[in-house]
Amino acid sequence: MPRVVYYTATTLNGFLADDHDSLDWLFAVPGGEGGDEDFQRFLAGIGVLVQGSSTYRWVIEHEDLVAHPEKWPSYYGDRPTWVFTSKDQPVVPGVDIRFASGDVRDVWPQIRASAGDRDVWIVGGGDLAGQFADAGLLDEIRVSIAPATLPSGKPLLPRSLGADRLELTAVRQAGAFAELTYAVKGSAT
């Protein structure tokens, strides 16, 4: 059965994006564009991506993916992407984008099936990862902490998860980033 992994970057003070859903702060950090060998190994084990609507919209607008869909595979490959949204979203031509709304538990069987024997990557945002945690479907949190702060923004994981649910399993330095990996106890996957 696939594992569900929330793999993301955050500021030192726990924000994923600024108040306008921008990740510009991340790309200003050396190495913030990602792509190191460890990330490539992680990506090779991913069968499907899951994104919230703000993350999806920022990525496609920032990279102009509707006009340049050929860029998508260089970031994510040919993996299906599920986008949880309550609004109409632009579609990247030729990319396997699947839109969903409502409770993640209701869509989970389809997400799991589309992952095959590989893992599910929750790309963002924090509230969507929190919904998977609430449903008992989140297995791992991998967070790269950047040497940057924001005065406010979108929180890393707007949920209360204590030491009784989180077990630190790995720590590594990736350039300017500190990467922490936590197993989430009580997962149903």
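Separation of atoms CG (Leu138) and CG (Leu161) is listed at 7.5 Å; rounding is to 0.5 Å. To the nearest 0.5 Å, the span separating OG on Ser114 from CG on Leu49 amounts to 10.0 Å. Between the CG atom of Asp119 and the CZ atom of Arg112 there is a distance of 13.5 Å, given to the nearest 0.5 Å. Of the inter-residue distances, the one linking Leu26 atom CG with Leu16 atom CG reads 10.0 Å to the nearest 0.5 angstrom. Rounding to the nearest 0.5 angstrom, the gap separating the OG1 atom in Thr81 from the CH2 atom in Trp121 is 9.5 Å. Taken to the nearest 0.5 Å, the CZ atom of Phe42 stands 11.0 Å off from the CD atom of Gln40.
The salt bridge (charged side-chain N to carboxylate O under 4.0 Å, His left out) contacts involving residues 170-185 comprise Asp36-Arg172, Asp38-Arg172, Arg142-Glu179, Arg172-Glu179, where partners must be two or more places apart or lie in separate chains. Under the salt bridge (charged side-chain N to carboxylate O under 4.0 Å, His left out) criterion, the residue pairs touching residues 149-170 are Asp21-Lys154, Asp127-Arg159, Asp134-Arg159, with sequence neighbours excluded. Counting only residues at least two apart or in different chains, ring pair (Phe, Tyr, Trp, His ring centres under 6.0 Å) contacts with residues 137-188 are absent. Within the structure, no pair that satisfies the ring pair (Phe, Tyr, Trp, His ring centres under 6.0 Å) test touches residues 122-165, not counting sequence neighbours. Residue pairs that meet the salt bridge (charged side-chain N to carboxylate O under 4.0 Å, His left out) test with at least one member in residues 43-55, sequence neighbours left out, do not exist here. Pairs of residues two or more places apart, or lying in two chains, that qualify as ring pair (Phe, Tyr, Trp, His ring centres under 6.0 Å) and include a residue from residues 78-102 are Tyr56-Phe99.
Closest heavy-atom contact between Ser101 and Thr85: CB-O, 3.1 Å. Taking all atoms of both residues into account, the shortest heavy-atom contact from Val4 to Trp108 is CG2-CH2, 3.3 Å. For the pair Gly47 and Pro80, the tightest heavy-atom approach, listed with the atom from each and the gap, is O-CD, 3.4 Å. Contact between Ala176 and Pro147 at its shortest, heavy atoms only, is O-CD, 3.3 Å.
Placement of Leu166 and Ile145 within a single hydrophobic cluster is found when ILVMFWY residues are connected by side-chain heavy-atom separations under 4.5 Å, directly or transitively. In the hydrophobic clustering of this structure, Val120 does not group with Ile97; members are Ile, Leu, Val, Met, Phe, Trp, Tyr whose side-chain heavy atoms approach within less than 4.5 Å, directly or through other members. Cluster annotation: Val5 and Val107 are assigned to distinct hydrophobic clusters (Ile/Leu/Val/Met/Phe/Trp/Tyr, side-chain heavy-atom contacts under 4.5 Å, transitive). Hydrophobic clustering places Val171 together with Ile141 (ILVMFWY residues linked when any side-chain heavy atoms are closer than 4.5 Å, directly or through intermediates). Hydrophobic clustering (ILVMFWY, side-chain heavy atoms < 4.5 Å, transitive): Tyr7 and Val123 are in one cluster.
Put simply, the side chain of Leu65 reaches to within 4.5 Å of the side chain of Val59, judged on heavy atoms. The side-chain heavy atoms of Ile111 and Val50, taken from C-beta on, include a pair separated by under 4.5 Å. Looking only at side-chain heavy atoms (C-beta outward), Arg79 and Leu43 come within less than 4.5 Å of each other. Using a 4.5 Å heavy-atom threshold, the side chains of Leu128 and Val104 count as touching.
In this structure, Trp25 contributes its side chain and Leu150 its backbone to no donor-acceptor pair below 3.5 Å. Under a 3.5 Å cut-off, the side chain of Asp18 and the backbone N or O of Gly153 do not form any donor-acceptor pair.
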With side-chain hydrogen bond (donor to acceptor under 3.5 Å, both in side chains) as the test, would you mind laying out the steps for Thr55 and Gln51 before giving the verdict?
CA-CA 6 Å; Thr55 300; Gln51 299 181 0; over 6 Å; no
Val92 and Ile60: CA distance, side-chain angles, deciding distance, side-chain contact (heavy atoms from CB on, under 4.5 Å) verdict:
CA-CA 8 Å; Val92 180; Ile60 64 169; 3.5 Å; yes
Which is it for Tyr75 and Glu63 under the side-chain hydrogen bond (donor to acceptor under 3.5 Å, both in side chains) test, yes or no, and what are the steps along the way?
CA-CA 10 Å; Tyr75 304 130; Glu63 298 298 329; 2.6 Å; yes
Give the C-alpha distance, both sets of side-chain angles, the deciding distance and a yes or no for side-chain contact (heavy atoms from CB on, under 4.5 Å) between Arg98 and Gln110.
CA-CA 10 Å; Arg98 304 170 190 192; Gln110 297 163 302; over 6 Å; no
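Scored by the side-chain hydrogen bond (donor to acceptor under 3.5 Å, both in side chains) test, Ser152 finds Asp19 as partners (sequence neighbours excluded). Not counting sequence neighbours, Ser54 has no partner by the side-chain hydrogen bond (donor to acceptor under 3.5 Å, both in side chains) test. By the side-chain hydrogen bond (donor to acceptor under 3.5 Å, both in side chains) test, Ser53 pairs with no residue at all, sequence neighbours left out. Taking the side-chain hydrogen bond (donor to acceptor under 3.5 Å, both in side chains) definition, one finds that Glu70 meets it with His68, sequence neighbours left out. Partners of Arg57 by salt bridge (Lys or Arg N to Asp or Glu O under 4.0 Å), not counting sequence neighbours, listed by chain and number: Glu61. Residues satisfying the ring pair (Phe, Tyr, Trp, His ring centres under 6.0 Å) criterion with Trp58, sequence neighbours excluded, are Phe27, His62.
Residue Asp64 qualifies as enclosed at atom CG: its count of foreign heavy atoms under 6.0 Å is above 12.
Among the candidates Leu156, Leu157, Thr181, the single residue satisfying the side-chain contact (heavy atoms from CB on, under 4.5 Å) test with Val143 is Leu156.
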